[in-house]
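Just below is one structure, and these are the notes that go with it.
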Amino acid sequence: MSELEANVDWDAEAPTFDEEADHGLRDPEIRRAWADRLRGWLPAAAADVLDLGCGTGTLSLLAAEQGHRVTGVDLSPAMIDLARAKLAGRDAAFLVGDAAAPPVGEQRYDVVLVRHVLWTLPDPARVLRHWRGLLRPGGRLVLIEGRWGTVSPVGIPADRLTELLAPVAGHVRVERLSEDPLLWGKTVADERYAVVAMD
């Protein structure tokens with residue numbers, strides 16, 4: 001975990017987390033923009049999706065609305081409580097646990113979906129190998145990451161992430177997200193992207 005992330009009390013952040021435009025997706029246009037992107041990243045048919053670092057479950061909800069079965073994992077019990085409430089009555093389960101080593105036992109998934117988590121972890125290459133091992137044959141990693149800030153930027157550049165994925169994925173597609181202000185609720189100048197990695 002980065003120094004920045006280590007100093008964040010995510011349980012304390014949980015009640016206001018969804019107020020950020022790209023977290024809660026409360027604006028219908030922003031929500032639709034994320035739903036459209038997710039539709040392009042996830043399989044067309046119903047799939048088992050593991051949402052790591054799921055926070056309050058916003059992307060989990062979009063995936064469930066598209067017919068997928070979702071398991072969310074987050075280190076914050078308060079975030080998990082909000083995710084459970086948000087997806088009550090849907091085909092979804094939420095577990096408190098470490099995104100780097102999720103407590104899912106031998107369960108395997110069609111998609112491992114991770115947003116803004118990998119850059120916080122101390123050994124991303126090892127974590128990517130572990131996440132790859134959680135996939136069924138033909139499965140995919142969907143990683144939404146970026147590099148934020150201009151003075152002392154944090155995050156992971158897309159070219160670095162594609163290098164890290166080379167040993168674990170045969171096909172890696174990068175989709176640039178910075179140019180779409182609808183995703184963020186504002187114009188952004190930093191590097192934001194998604195990577196879909198498959199066999």
Side-chain angles (χ1 to χ4, degrees), residues 20-68 70-73 99-100 109-121 124-125 127-132 134-150 153-199:
E20 190 75 29
D22 61 310
H23 290 172
L25 309 185
R26 292 173 172 164
D27 180 289
E29 288 190 8
I30 296 173
R31 192 175 199 285
R32 190 167 30 256
W34 277 102
D36 289 347
R37 294 288 180 147
L38 209 58
R39 197 171 287 108
W41 301 331
L42 300 181
D48 291 309
V49 176
L50 180 60
D51 183 1
L52 298 177
C54 66
T56 63
T58 302
L59 292 185
S60 294
L61 178 58
L62 294 182
E65 288 174 346
Q66 294 177 15
H68 302 294
V70 181
T71 301
V73 175
Y109 298 86
D110 302 303
V111 178
V112 171
L113 171 66
V114 192
R115 179 180 170 184
H116 300 168
V117 172
L118 185 67
W119 74 275
T120 70
L121 304 175
V127 171
L128 287 170
R129 286 191 303 274
H130 182 67
W131 289 348
R132 175 63 186 87
L134 297 172
L135 291 173
R136 294 179 178 135
R140 64 184 73 176
L141 296 171
V142 178
L143 309 171
I144 303 160
E145 285 293 337
R147 188 151 169 83
W148 303 275
T150 52
V154 297
I156 182 169
D159 57 356
R160 175 68 182 136
L161 182 49
T162 56
E163 285 173 19
L164 291 170
L165 284 165
V168 296
H171 176 73
V172 176
R173 175 170 56 93
V174 178
E175 195 171 312
R176 302 290 173 179
L177 304 179
S178 300
E179 295 78 18
D180 188 350
L182 270 183
L183 294 171
W184 315 108
K186 60 187 176 186
T187 301
V188 298
D190 43 23
E191 182 184 15
R192 303 182 188 196
Y193 62 92
V195 169
V196 179
M198 306 170 70
D199 285 337

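The figures that follow rest on heavy atoms only: side chains count, while hydrogens, waters and symmetry mates do not. Owing to the predicted nature of the structure, the values given are computational and were not obtained by experimental measurement.
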>> Evaluate Glu191 against Arg176 for salt bridge (charged side-chain N to carboxylate O under 4.0 Å, His left out), listing each step before the verdict.
In response: CA-CA 8 Å; Glu191 182 184 15; Arg176 302 290 173 179; 2.9 Å; yes
>> Just to verify, what does Asp48 make a side chain to side chain donor-acceptor pair (under 3.5 Å) with, not counting sequence neighbours?
In response: Arg69, Arg136
> If every non-hydrogen atom of Ala100 is compared with every non-hydrogen atom of Val127, which pair is closest and at what distance?
Replying inline: CB-CG2, 4.0 Å
> Excluding sequence neighbours, so at least two apart, what forms side chain to side chain donor-acceptor pair (under 3.5 Å) with Arg173?
Replying inline: Glu175
>> So which atom in Ile30 and which in Leu182 form the shortest heavy-atom distance, rounded to 0.1 Å?
In response: CG1-O, 3.2 Å
>> I need the minimum non-hydrogen distance between Leu42 and Ala63, along with the two atoms involved.
In response: CD1-CB, 3.9 Å
> For Gly149 and Asp190, which heavy atoms make the closest approach, and how far apart are they?
Replying inline: N-OD2, 3.7 Å
> Should Arg147 and Trp119 count as side-chain neighbours, where that means a heavy-atom distance under 4.5 Å?
Replying inline: no
> Going by an N to O cut-off under 4.0 Å, is there a salt bridge joining Glu65 and Arg31?
Replying inline: yes
> Is there side-chain contact between Leu61 and Val70, with at least one heavy-atom pair below 4.5 Å?
Replying inline: no
> According to the ring-ring contact (aromatic ring centres under 6.0 Å, His included) rule, which pairs have a member within residues 43-65, sequence neighbours left out?
Replying inline: none
>> What I'd like to find out is whether the side chain of Val172 reaches to under 4.5 Å of the side chain of Val195, using heavy atoms alone.
In response: yes
>> I need the minimum non-hydrogen distance between Val117 and Ala99, along with the two atoms involved.
In response: CG1-CB, 4.0 Å
>> Would you compute the distance between atom NE2 of His68 and atom CG of Leu62 and round it to the nearest 0.5 angstrom?
In response: 10.5 Å
> Which ring-ring contact (aromatic ring centres under 6.0 Å, His included) pairs, counting each pair once, include a residue from residues 176-199, with sequence neighbours left out?
Replying inline: Trp34-Trp184
>> If the condition is side chain to side chain donor-acceptor pair (under 3.5 Å), which residues does Gln66 pass it with, not counting sequence neighbours?
In response: none
>> Could you report the tightest heavy-atom contact between Arg160 and Ile156, atom names first, then the distance?
In response: CG-CG1, 3.9 Å
> Got a sec, which residues hit side chain to side chain donor-acceptor pair (under 3.5 Å) with Arg39, two or more places apart in sequence or on another chain?
Replying inline: Asp36
> Is there side-chain contact between Val49 and Val142, with heavy atoms separated by less than 4.5 Å?
Replying inline: no
> Would a 4.5 Å heavy-atom cut-off, applied to side chains only, mark Asp199 and Arg132 as touching?
Replying inline: yes
